[in-house]
Amino acid sequence: MLAFGLVWRQSLLFLFFVIIPLGDAAQFIYMMCMLVLFVGAVAMMGLMGMWLNRRPMAQSLSRRWLFGLGWLVLSTAIGYGIIIIGINI
């Protein structure tokens, strides 16, 4: 989760200060997005236990874990893509 937060922190930094220059409002929008991102990450971690316990019996627990990790990897890859685009601009 720490790597996820660091990647998206840097991605939002590139988005609001390099790719989409927002002027004076950039810092406020950046901080609000960071707040929403980390509140969402904490909520996601809290709900993950319920999600894993309420799985259908036909699905294995390891498949559910792999599915969740796949979403985490996908969102982190999107964040890395934003960083790479920001570096190349």
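We count residues from 1, following the sequence as given. None of the values given here were measured: they were computed from a predicted structure.
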When you group the ILVMFWY residues by side-chain heavy-atom contacts below 4.5 Å and let the links chain together, are Val36 and Tyr30 in the same group? no
Applying a strict under-4.5 Å side-chain criterion to I, L, V, M, F, W and Y, I'd like to know whether Met31 and Leu12 cluster together. yes
Heavy-atom distance under 4.5 Å between the side chains of Ile29 and Cys33, does that happen here? yes
